[in-house]
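Reviewing the structure listed below.
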Amino acid sequence: MITRPPIDGPIDFAILTAIEVEREAVCAAFSLTDENRAKKDDRWYWRGRLPLKQGGAYEIVVAQPVDMGQVEAALLASDVIRHWKPRAALLVGIAGSTHPEKVKLGDIVVGKSVWYFEHGKVTPERTTPQPEMIPADAALLKHFTGMMKWDGAVPTERPGRERRGSKVHLGVIASGEEVIADAAARDEIASGHRKILAIEMEGYGFSRAVWQSFEHVRHLDIRGICDDASLSKGDGWHEYAAAAAARFAKHFLLDRPLEPRNGAGQVP
């Protein structure tokens with residue numbers, strides 16, 4: 001159970017989301033309600049504490065921007081770092097699969113790197129791409145490779161008839177400025193790097209803002225798959241995919257990837 005801490009204090013993990021269904025899923029996973037709201041300047045946050053089995057607890061804060069997209073994600077990350085000075089930040093939300101036959105609806109993709117594919121040079125002859133890659137934090141990735149296995153259970157009704165658990169994949173997450181709803185465009189993006197498994201719209205802005213901060217905040221992008229980025233995409237899997245990403249994020253934290261700032265003392 002998560003408990004409500006004092007309004008101020010050192011934050012271990014900030015959990016950023018892009019849209020309401022993602023933020024609600026994270027708040028549900030960590031048992032945060034309206035009573036946990038905290039305001040800094042003009043932004044609302046959800047502030048809580050996650051006790052750990054080995055003693056101590058993580059102080060956490062959850063945040064959502066006004067709108068989706070790279071710029072909003074970067075602005076939110078900058079504000080979170082300025083307001084709370086977290087030791088680490090997770091971007092938790094939904095994404096499209098670039099390999100639907102392998103990474104299926106409801107699965108999780110943990111970003112080894114974020115691949116920004118929008119940069120390039122346009123001439124009358126051709127468009128020359130200039131993609132940029134930002135790697136995830138090495139310490140968090142190393143912990144992921146040896147963490148306790150997740151059972152894939154998600155306490156949200158799963159759409160469709162198939163009753164499989166969510167599987168976790170480690171790969172590259174492609175990040176751009178547009179909603180991709182075309183299989184050909186999806187495949188062209190995925191061809192830029194053979195390990196791209198998912199595509200979304202906030203990872204680059206988040207990673208860039210964190211990477212450029214003076215505080216050296218550790219970061220990781222965690223995505224639940226909600227569609228295949230084709231013309232048939234819809235909103236039917238949003239709630240489940242968001243819940244899966246949130247539940248995996250909680251499982252990751254409960255495995256104690258970093259030592260909590262408050263040590264191993266008693267948790268009220």
Side chain to side chain contact (heavy atoms under 4.5 Å, CB included) evaluation trace for Arg43 with Leu75: CA-CA 11 Å; Arg43 283 200 188 274; Leu75 291 173; 4.1 Å; yes
For the residue pair [X] and [Y], what are the closest heavy atoms and their distance?
X      : Y      : result
Ala95  : Ala198 : CB-CB, 4.2 Å
Ala28  : Arg247 : O-NH2, 3.8 Å
Thr145 : Lys142 : OG1-O, 2.7 Å
Ile199 : Ile189 : CD1-CD1, 3.5 Å
Gly224 : Ala245 : N-CB, 3.6 Å
Gly111 : Ala136 : O-CB, 3.3 Å

Under a 4.0 Å N-O cut-off, is there an ion pair linking [X] with [Y]?
X      : Y      : value
Glu202 : Arg223 : yes
Glu215 : Lys85  : no
Asp79  : Arg82  : yes

Plane angle bin for Tyr204 and Tyr116 - parallel if under 30°, tilted between 30 and 60°, otherwise perpendicular: parallel
For residues [X] and [Y]: do they belong to one hydrophobic cluster (side chain heavy atoms under 4.5 Å, members Ile, Leu, Val, Met, Phe, Trp, Tyr)?
X      : Y      : answer
Phe144 : Ile222 : yes
Val114 : Val109 : no
Leu258 : Val92  : yes
Ile108 : Leu140 : yes
Val172 : Leu141 : no

Neighbour count above 12 (heavy atom, 6.0 Å) for Glu132 CD: yes
Main-chain N/O of [Y] paired with [X] side-chain donor or acceptor, under 3.5 Å:
X      : Y      : answer
Arg186 : Asp228 : yes
Asp235 : His238 : no
Ser207 : Pro135 : no
Asn36  : Arg47  : yes
Thr156 : Tyr240 : no
His143 : Phe252 : no
Glu178 : Ile180 : no
Asp12  : Arg261 : yes
Glu22  : Ala18  : yes

In Å, rounded to the nearest 0.5 Å, how long is the span from [atom1] of [X] to [atom2] of [Y]?
X      : Y      : atom1 : atom2 : value
His251 : Trp150 : NE2   : CH2   : 8.5 Å
Ile11  : Arg87  : CD1   : CZ    : 13.5 Å
Leu76  : Tyr45  : CG    : OH    : 6.0 Å
Ile225 : Lys167 : CD1   : NZ    : 14.0 Å
Asp221 : Ile173 : CG    : CD1   : 4.0 Å
His169 : Ser97  : NE2   : OG    : 8.0 Å

Phe30 and Ile15: CA distance, side-chain angles, deciding distance, side chain to side chain contact (heavy atoms under 4.5 Å, CB included) verdict: CA-CA 11 Å; Phe30 289 88; Ile15 305 176; 3.7 Å; yes
Glu259 side chain to Tyr58 side chain, donor-acceptor N/O pair below 3.5 angstrom: no
Residue pair Gln70 / Ser175, side-chain donor-acceptor N/O under 3.5 Å: yes
[Y] side chain reached by [X] side chain, heavy atoms, under 4.5 Å:
X      : Y      : result
Arg208 : Ile134 : yes
Ser166 : Arg158 : yes
Ser78  : His83  : no
Gln64  : Trp44  : no
Ile94  : Ile19  : yes
Leu90  : Leu253 : yes
Glu177 : Met201 : no
Pro86  : Val80  : yes

Pair Phe117 and His193, ring centroids less than 6.0 Å apart: no
CA sep, side-chain torsions, deciding dist, call: Asp137, Leu220, side chain to side chain contact (heavy atoms under 4.5 Å, CB included): CA-CA 6 Å; Asp137 176 71; Leu220 192 65; over 6 Å; no
Cation-pi, Trp46 ring and Arg37 (6.0 angstrom, 45 degrees): no
Trace of the side chain to side chain contact (heavy atoms under 4.5 Å, CB included) decision for Asp107 with Val168: CA-CA 6 Å; Asp107 282 359; Val168 183; over 6 Å; no
